[in-house]
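Inspection log for the structure reproduced underneath, given as structure tokens.
In what follows, chains carry the letters A, B, and so on, assigned in the order in which the sequence lines appear, proteins first and then strands, with residues in each chain numbered from 1. Just so it is clear, the values below take in all heavy atoms, side chains as well, and ignore hydrogens, waters and symmetry mates.
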Amino acid sequence: MIPTGIPIKELFRSFSSHLGKDIRVNGWVRTRRDSKAGISFVELNDGSCLKNLQVIISHDNPSLVEMLPIITTGAGISAFGTLKKSPAKGQPIELEAKEITIYGTADPVSYPLQKKRHSFEFLRQIAHLRPRTNTIGAVTRVRNRLSYTIHRFFQERGFYYIHTPIITTSDCEGAGEVFRVVAEHMEEEFFGRPTYLTVSGQLQAEIFALALGKVYTFGPTFRAENSNTRRHLAEFWMIEPEVAFADIEDNLKLAEEMLRQIVQDVLDNCDEDLQFFARFIDPNLIGRLEMIIKKPFEVITYTEAVKILEESGEQFDYPARWGCDLQAEHERYLTEKKFKRPVAVIDYPRTLKPFYMKVNDDEQTVAAMDVLVPEVGEIVGGSEREYRYDVLVEQMKQKNMNLEDYQWYLDLRRFGSVPHAGFGLGFERLVQFVTGVQNIREAIPFPRTPGHALF
RNA sequence: UCCCCGGUAGCUCAAUCGGCAGAGCGGGUGGCUGUUAACCACUAGGUUGCUGGUUCGAGUCCGGCCCGGGGAGCCA
């Protein structure tokens, strides 16, 4: 067995219990500095936290000195020695090495990562090594925490986690272009009919919501849109809760509580990483996150939003008009300038929204909701679902849909249909919002965008 | 897909009006120091994205293509 190391995070958190004891740490060398006073300093990082542990190599120990030339940036090593208080400034503790095992060297001439800052664009080209950087390491830890706390949020409220299919036969009308799924070396359709990668688990989640009450999905989603922006991926992860016996107000409340709780959790548990982002990525980050917790969401109807935009006196490239979709510039104005907080826009014209949204009593609008946040834009999109059979059929006919393809969906309205609602939260956009990374490609371990799919 | 900007050393970038292709960092060597984005000296390192053209002369100007970034649209 490989000797286990103590996580560096653990050493910094409670070093008093380890001081003076012999311990082992496994990790990767970030940098080495040699002092002719007879000491070398090795900064070791193991991914458990942002901080490096300083390992002291005394030049009195000939077997360690022999190793020095290959203890270079990037090397994977194990260090065994005594944990001591550091006599110098900069770190509370350091490890005085007795033994070092070098598992893997990293040739300094060809190892692409250097101590100094790299551009994110360059790091994307070495996506297999970029997790070893401070930023991507921190994003990865925050992403993990968000993932954990989202599951916890729903589990604590009695939601069931549903694994909706990745391969589907419905293209979820209006959710974007789809990827076809075909079996290689097979002429005929593997499934006997055309199949696609899912663009949303919503319709299938509705099936289970109308049986188990409260459910959510959290899985990969695929869109074959040729969109080249810092907010879009061809493969991304989406959280989609779906609740029976719930209307648009319940839906809004759920979205707000969810965002508030997960942001609070990250503030409580990822402080070191967030401070790093605040220092190097986005100085306004912490204030923006605290705003989520302190200020209630502003809720306005689409009609009110258009009126506010018309009376704003702002010069927009496209003036706001009732019946037209809100432009990105409109959304930014509402959330960043007018209200300076998350804004939920509800009750959109039915012509702008998909068939499954509940038609309001005015028959002109549907019970949709988009939650907009500063910097990222739309982070949540959802609605109360149309649960009345006749109205749903009418909606589908208006949108020129083939009713036969959705017989199962209509059946849900024929047998025990009840009001229900849900929404989709783009997970990478949440990661973007919480970390401040400008480009969504830094918010996911292996970004897939048009023309790019490494590994 | 459309609009704008860019592609020069391993990385980040400079190069005036078209006139000898440079710096910092990183690498190597030596020096110095309980160092910590260490410091000092020396040193190696180039198909200026590809291609065609204009010119005595092109990193620089023009055409085509490729790639990247930002914005827009679509959306999460």
In terms of ring plane angle, is the pair [X] and [Y] parallel, tilted or perpendicular, where the classes change at 30° and 60°?
{"X": "A:Tyr406", "Y": "A:Tyr409", "value": "perpendicular"}
{"X": "A:Tyr161", "Y": "A:Tyr216", "value": "parallel"}
{"X": "A:Tyr348", "Y": "A:Tyr302", "value": "tilted"}

Atom CZ of A:Phe122 to atom P of B:rC25: distance rounded to whole Å?
-> 18 Å
Please give, in whole Å, the distance from B:rG34 C1' to A:Glu96 CD?
-> 12 Å
What nucleic acid atoms does [X] come within less than 4.0 Å of, heavy atoms only: base, sugar-phosphate, or nothing?
{"X": "A:Arg32", "answer": "nothing"}
{"X": "A:Arg332", "answer": "sugar-phosphate"}
{"X": "A:Arg30", "answer": "nothing"}
{"X": "A:Glu428", "answer": "nothing"}

For RNA chain B, find the residues of residues 228-236 of chain A with a heavy-atom distance under 4.0 Å and give them by number; none if there aren't any.
-> A:Asn228, A:Thr229, A:Arg230, A:Arg231, A:His232, A:Leu233, A:Phe236
Expected list for residues 47-72 of chain A near RNA chain B, using heavy atoms below 4.0 Å, is A:Gln54, A:Ile56
A:Gln204/A:Thr164 under side-chain hydrogen bond (donor to acceptor under 3.5 Å, both in side chains): CA gap, chis, key distance, verdict | CA-CA 6 Å; A:Gln204 293 93 339; A:Thr164 49; 5.6 Å; no
Ring centroid separation A:Phe222 to A:Tyr196 under 6.0 Å = no
Quick one: is A:Arg33 getting a side-chain N or O under 4.0 Å of the B:rA38 phosphate, OP1 or OP2?
-> yes
